[in-house]
Novice: 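What follows is a structure written as structure tokens; I'll ask about it next.
Just so it is clear, the model here is predicted, and its values are computed rather than measured. Just follow the structure's listing: the first ligand is 1, and inside any ligand the first atom is 1.
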Amino acid sequence: MTDLNQRCGYVAIVGRPNVGKSTLLNHILGMKLSITSRKPQTTRHQILGVKTTDNIQTIYVDTPGIHQRRGTAINKYMNRAATSVLNDVDVILFVVQAKNWTEEDRAIVEKFKTVSCPVVLVINKIDKLASKKELLPLIDELSVHYDFSEIIPVSALSGINVETLEQKLAPLIPEGEHVYPDDQVTDRSMRFLASEIIREKLIRELGQELPYTSTVSIDKYEEDEDIVHIHATIYVESAGQKAIIIGKKGSRLKSIGTKAREDISKMIETKVYLNLWVKVREGWSNDERALRGLGYGE
Ligand SMILES: Nc1nc2c(ncn2[C@@H]2O[C@H](COP(=O)(O)OP(=O)(O)OP(=O)(O)O)[C@@H](O)[C@H]2O)c(=O)[nH]1
Ligand SMILES: [Mg+2]
């Protein structure tokens with residue numbers, strides 16, 4: 001039976017790397033679902049974040065930053081994961097960084113020419129502007145790039161104007177029954193979210209030293225009565241990278257493990273035992289078969 005009072009729709013969050021897409025999703029959901037960092041190309045997979053308020057269910061799709069870097073298999077996978085949603089959603093949120101329009105942004109706008117849904121331009125990081133007076137000229141300047149259905153300046157980090165963004169989105173969500181139970185927040189398993197948290201700690205701990213070519217795989221996720229046992233492996237591409245991650249006397253790996261364990265434990269509200277290994281797997285990031293084995297499947 002269809003309840004005509006219900007509305008439900010998919011909203012893609014797209015943009016080039018590092019503009020604040022995942023931060024925006026987390027602010028909207030009021031929880032940390034998608035990992036974030038100062039480094040571009042943090043998000044590697046599509047992640048659904050579901051928000052149900054009253055009769056409206058909005059299913060946000062966080063995506064990897066669309067980029068124009070060298071075409072290794074993993075880079076191609078990430079671009080596919082981001083652009084494949086464009087034709088399957090009801091609304092597109094195109095996130096850009098205030099006063100930082102680039103060639104990569106322009107290339108993304110090109111892709112909108114073949115989509116039929118409304119595109120909302122979200123100008124993020126407005127907390128970094130010297131003065132509010134800069135906003136109107138900025139909106140004027142960006143409006144020439146496409147026929148955006150709305151242009152909304154926000155700060156995903158501090159939350160400025162994010163509620164306004166949600167209010168403007170509401171009328172664009174079509175009628176339809178809710179796809180997910182009203183209390184569900186994501187389509188992803190705890191196992192996947194745990195691997196993402198470990199990857200976040202890895203990225204944050206290593207900063208510029210981190211090779212893009214590392215990934216995390218969960219070997220065991222076992223729920224006991226009052227503790228969850230997790231065994232995970234960090235894969236890198238060379239012995240040098242492995243040594244960097246492990247650090248002096250294992251200090252780096254220990255710090256990554258401690259921080260990850262704390263966050264995972266907070267998320268699942270259970271004690272966590274986390275065992276981390278680092279292994280070398282040469283060339284995994286440019287090997288389609290290895291990628292699929294490591295969770296980068298279609
Ligand atoms: N000052 C400021 N920083 C922000 C804002 N939103 C995000 N950031 C920062 O920008 C960086 C990138 O944020 P992410 O949310 O990881 O960006 P992303 O677009 O998801 O990046 P990818 O997943 O790599 O494509 C992080 O250091 C965030 O803290 C904002 O509104 N203001
Ligand atoms: Mg992201």
Side-chain angles (χ1 to χ4, degrees), residues 11-49 60-69 72 74-86 92-105 107-108 111 120-132 134-135 138 151-166 186 188 192-193 195-208 210-216 263 285 296:
V11 175
I13 306 177
V14 302
R16 67 179 164 85
N18 213 38
V19 291
K21 299 177 294 298
S22 302
T23 307
L24 178 65
L25 174 66
N26 291 342
H27 190 91
I28 290 172
L29 296 178
M31 71 174 282
K32 200 177 137 171
L33 175 70
S34 196
I35 64 167
T36 64
S37 90
R38 282 196 294 225
K39 285 195 79 171
Q41 296 188 270
T42 297
T43 305
R44 284 183 177 168
H45 306 269
Q46 281 179 19
I47 295 171
L48 296 193
Y60 294 91
V61 191
D62 188 16
T63 63
I66 300 171
H67 55 87
Q68 299 179 311
R69 303 192 188 165
T72 54
I74 186 150
N75 277 332
K76 285 185 199 148
Y77 167 84
M78 285 162 67
N79 269 342
R80 268 201 312 272
T83 52
S84 65
V85 296
L86 296 177
I92 293 170
L93 293 186
F94 173 41
V95 184
V96 299
Q97 190 168 318
K99 293 183 78 179
N100 222 328
W101 179 264
T102 70
E103 173 55 29
E104 274 184 327
D105 292 309
I108 296 169
K111 298 183 194 295
V120 173
L121 177 67
V122 179
I123 307 173
N124 191 28
K125 307 198 186 180
I126 57 163
D127 55 293
K128 287 172 102 172
L129 294 178
S131 150
K132 271 193 177 165
E134 292 182 276
L135 269 181
L138 189 61
I151 300 182
I152 305 169
V154 303
S155 166
L157 197 61
S158 61
I160 303 170
N161 229 19
V162 175
E163 240 175 81
T164 308
L165 166 64
E166 290 184 85
T186 185
R188 292 291 190 166
F192 171 81
L193 297 177
S195 74
E196 286 286 275
I197 289 173
I198 298 167
R199 206 160 59 73
E200 179 185 83
K201 301 312 167 200
L202 186 64
I203 296 172
R204 290 188 176 187
E205 192 78 14
L206 281 106
Q208 293 307 316
L210 181 80
Y212 282 115
T213 48
S214 58
T215 192
V216 176
D263 268 24
S285 69
Y296 298 87

Novice: Considering the heavy atoms of Arg38, write down every atom of ligand 1 situated less than 4.0 Å from one of them.
Specialist: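 Those atoms are 27 (O).
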Novice: For Lys21, take its heavy atoms, then give the atoms of ligand 1 lying under 4.0 Å from any of them.
Specialist: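 Listed by number with element, the hits are 15 (O), 17 (O), 18 (P), 19 (O), 20 (O), 21 (O), 22 (P), 25 (O).
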Novice: Near the Mg ion (ligand 2), which protein N/O/S atoms are found at less than 2.8 Å?
Specialist: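 Under 2.8 Å from the Mg ion (ligand 2) - ignoring waters, which are not counted - the protein N, O or S atoms are Ser22 OG, Thr43 OG1.
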Novice: Would you find more than 12 non-hydrogen atoms of other residues, nucleotides or ligands less than 6.0 Å from Glu134 atom CD?
Specialist: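 Buried by this count: over 12 neighbours within 6.0 Å.
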Novice: Answer whether the closest heavy-atom distance between the side chains of Asn124 and Val19 falls below 4.5 Å.
Specialist: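 Of all side-chain heavy-atom pairs linking Val19 with Asn124, none is under 4.5 Å.
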Novice: At a 4.0 Å threshold, what atoms of ligand 1 neighbour a non-hydrogen atom of Gln41?
Specialist: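 That gives atoms 24 (O) of ligand 1.
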Novice: Give the atoms of ligand 1, by number and element, whose distance to some non-hydrogen atom of Pro40 is under 4.0 Å.
Specialist: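 In order of number, 24 (O).
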Novice: When you compare the side chain of Leu193 with that of Leu33, does any pair of heavy atoms fall below 4.5 Å?
Specialist: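 Leu33 reaches Leu193 side chain to side chain.
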Novice: Of the side chain and backbone of Ser158, name the one, both, or neither that has a heavy atom under 4.0 Å from an atom of ligand 1.
Specialist: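 Under 4.0 Å from ligand 1, Ser158 contributes no heavy atoms.
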Novice: Show which atoms of ligand 1 fall inside a sub-4.0 Å distance from at least one heavy-atom site of Gly65.
Specialist: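 Listed by number with element: 25 (O).
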Novice: Any idea which protein heavy atom is nearest atom 17 (O) of ligand 1, and the distance to it?
Specialist: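 Of the protein heavy atoms, Gly20 N, 3.1 Å lies nearest.
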Novice: Could you tell me if Arg80 sits above the aromatic ring of Tyr77, with its cationic atom closer than 6.0 Å to the ring centre and no more than 45 degrees from the axis?
Specialist: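 Checked: cation-pi criterion not met.
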Novice: Side chain to side chain donor-acceptor pair (under 3.5 Å) between Asn26 and Thr23: does it pass, once the steps are laid out?
Specialist: CA-CA 5 Å; Asn26 291 342; Thr23 307; 5.8 Å; no
Novice: Which option, Ser37, Ser155, Ala156, Ala98, owns the non-hydrogen atom nearest atom 26 (C) of ligand 1?
Specialist: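 It is Ser37 that holds the nearest heavy atom.
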Novice: Considering only non-hydrogen protein atoms, determine which one is nearest to atom 21 (O) of ligand 1 and report residue, atom name and distance to 0.1 Å.
Specialist: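 The protein heavy atom lying closest is Asn18 N, 3.0 Å.
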Novice: Could you check whether atom NZ of Lys32 has more than 12 heavy atoms from other residues, nucleotides or ligands sitting under 6.0 Å from it?
Specialist: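 Count over threshold, so yes.
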Novice: Thr102 and Arg16: side-chain donor and acceptor closer than 3.5 Å?
Specialist: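 Arg16 and Thr102 do have a side-chain donor-acceptor pair below 3.5 Å.
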Novice: Set out, in order, the CA-CA distance, both residues' side-chain angles and the distance that settles salt bridge (Lys or Arg N to Asp or Glu O under 4.0 Å) for Asp62 and Lys21, then state yes or no.
Specialist: CA-CA 7 Å; Asp62 188 16; Lys21 299 177 294 298; 5.9 Å; no
Novice: With rounding to the nearest 0.5 angstrom, report the OG to CG distance, Ser34 to Leu48.
Specialist: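 Reported value, rounded in 0.5 Å steps: 10.5 Å.
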Novice: Show me which atoms of ligand 1 lie under 4.0 Å from any heavy atom of Lys128.
Specialist: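 It comes down to these atoms of ligand 1: 1 (N).
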Novice: For Ser84, check side-chain contact (heavy atoms from CB on, under 4.5 Å) against everything at least two apart and list the hits.
Specialist: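 Ser84 satisfies side-chain contact (heavy atoms from CB on, under 4.5 Å) with Gln46 only.
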Novice: Record the part of Asp127 in heavy-atom contact with ligand 1 below 4.0 Å; permitted values are side chain, backbone, both and neither.
Specialist: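 Side chain only; the backbone of Asp127 stays clear of ligand 1.
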Novice: Which distance, rounded to the nearest 0.5 Å, do you find between the NE2 of His27 and the OG1 of Thr36?
Specialist: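 Between His27 NE2 and Thr36 OG1, I get 13.5 Å after rounding to 0.5 Å.
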Novice: Hey, is ligand 1 close enough to Asp62 that some N/O pair sits below 3.5 Å?
Specialist: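 In fact, backbone or side chain, Asp62 has no N or O that close.
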Novice: Of the protein's non-hydrogen atoms, which lies at the shortest distance from atom 4 (C) of ligand 1, and what is that distance?
Specialist: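 Answer, as residue, atom name and distance: Lys125 CE, 3.6 Å.
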Novice: Can you tell which of Ile13, Val154, Thr23 gets a heavy atom nearest to atom 15 (O) of ligand 1?
Specialist: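 It is Thr23 whose heavy atom sits nearest to atom 15 (O) of ligand 1.
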Novice: Check step by step if side chain to side chain contact (heavy atoms under 4.5 Å, CB included) holds for Val61 and Thr63.
Specialist: CA-CA 6 Å; Val61 191; Thr63 63; 4.3 Å; yes
Novice: Have a look at ligand 1 and work out which part of Asn124, if any, has a heavy atom under 4.0 Å from it: side chain, backbone, both or neither.
Specialist: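 Side chain only; the backbone of Asn124 stays clear of ligand 1.
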Novice: Return the residue, atom name and 0.1 Å-rounded distance of the protein heavy atom closest to atom 29 (O) of ligand 1.
Specialist: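 Among all protein heavy atoms, the one nearest atom 29 (O) of ligand 1 is Leu157 CD1, 3.8 Å.
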Novice: Are Lys39 and Glu200 within salt-bridge range, i.e. N to O under 4.0 Å?
Specialist: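 Between Glu200 and Lys39 there is no salt bridge, as every charged N stays at least 4.0 Å from the carboxylate O atoms.
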Novice: If you define the side chain from C-beta out and look only at heavy atoms, does anything of Ile47 sit under 4.5 Å from Phe192?
Specialist: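 The answer is yes, as the side chains (C-beta and beyond) meet within the 4.5 Å cut-off.
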